[in-house]
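Just below is one structure, and these are the notes that go with it.
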Amino acid sequence: MSSKPQNSATVAVTILDKEYRVACSEDEQPGLQASAKLLNERMAKIRNSGTVIGAERIAVMAALNIAHELIQAKADLARQPVEEQMLDRLHEKVQAALEKFDNL
């Protein structure tokens, strides 16, 4: 969320049973609510596992997990054009082989 959004409103979100008020523009509200829901679910899952104690540590673990997923998703997107190029070359080779076969 931007630091001073224009046409901002204060939105209440709940994370681990604690309410936070965040200022954001109207068009950012659905994204904020979805982000808060995701964070709440991740933090609750970590808390319920019993392996991490303390809200701050739970928040850090959830943030690390989400950051890792973001990095993986970006890496997957970066590989996609290479994979598409490989598929295009393979398609061209198959087409060339089929043309040779048709000419026999």
Side-chain angles (χ1 to χ4, degrees):
M1 306 299 99
S2 52
S3 59
K4 288 196 175 198
Q6 295 179 356
N7 301 323
S8 67
T10 301
V11 178
V13 296
T14 303
I15 300 171
L16 287 188
D17 303 323
K18 185 171 181 182
E19 185 176 284
Y20 297 88
R21 297 195 170 276
V22 181
C24 69
S25 64
E26 278 187 37
D27 61 331
E28 291 179 316
Q29 288 180 18
L32 170 63
Q33 291 168 337
S35 298
K37 181 179 182 220
L38 172 67
L39 182 58
N40 182 60
E41 289 170 354
R42 297 295 181 88
M43 288 179 67
K45 184 176 178 181
I46 292 169
R47 179 189 61 194
N48 294 339
S49 75
T51 58
V52 180
I53 298 173
E56 184 176 319
R57 287 178 182 255
I58 291 170
V60 169
M61 292 304 299
L64 284 172
N65 289 334
I66 293 169
H68 176 72
E69 289 174 12
L70 175 63
I71 290 168
Q72 288 299 113
K74 284 183 176 182
D76 290 346
L77 285 175
R79 280 192 299 271
Q80 188 175 7
V82 172
E83 291 170 354
E84 287 176 4
Q85 290 172 357
M86 290 172 61
L87 285 173
D88 288 342
R89 284 196 303 264
L90 180 60
H91 182 263
E92 289 170 6
K93 288 180 180 182
V94 168
Q95 286 299 114
L98 287 173
E99 287 175 12
K100 283 183 183 179
F101 183 75
D102 286 342
N103 292 333
L104 292 179

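The basis for the numbers below is simple: all heavy atoms, side chains too, and nothing from hydrogens, waters or symmetry mates. Positions are given from 1 along the sequence.
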So which heavy atom on A36 is nearest to which on I15, and how close? O-CG1, 4.1 Å

For M43, run the side-chain contact (heavy atoms from CB on, under 4.5 Å) check against I46, N40, L39 and tell me which one passes. L39

Could you measure the distance from the OG atom of S49 to the CD1 atom of I58? Nearest 0.5 Å is fine. 8.0 Å

What I want to find out is whether K45 reaches E41 closely enough, with some N-O distance under 4.0 Å, to be called a salt bridge. no

What do you reckon, is CG of L64 surrounded by more than 12 foreign heavy atoms closer than 6.0 Å? yes

Within a 6.0 Å radius of atom CD on E56, are there more than 12 heavy atoms belonging to other residues, nucleotides or ligands? no

Single-linkage hydrophobic cluster L70~L38, side-chain heavy atoms < 4.5 angstrom: no

According to a hydrophobic-cluster definition based on side-chain heavy atoms being under 4.5 Å apart (Ile, Leu, Val, Met, Phe, Trp, Tyr only), do L87 and L77 belong together? no

Going through the distances and angles, do M86 and L90 end up as a side chain to side chain contact (heavy atoms under 4.5 Å, CB included)? CA-CA 6 Å; M86 290 172 61; L90 180 60; over 6 Å; no

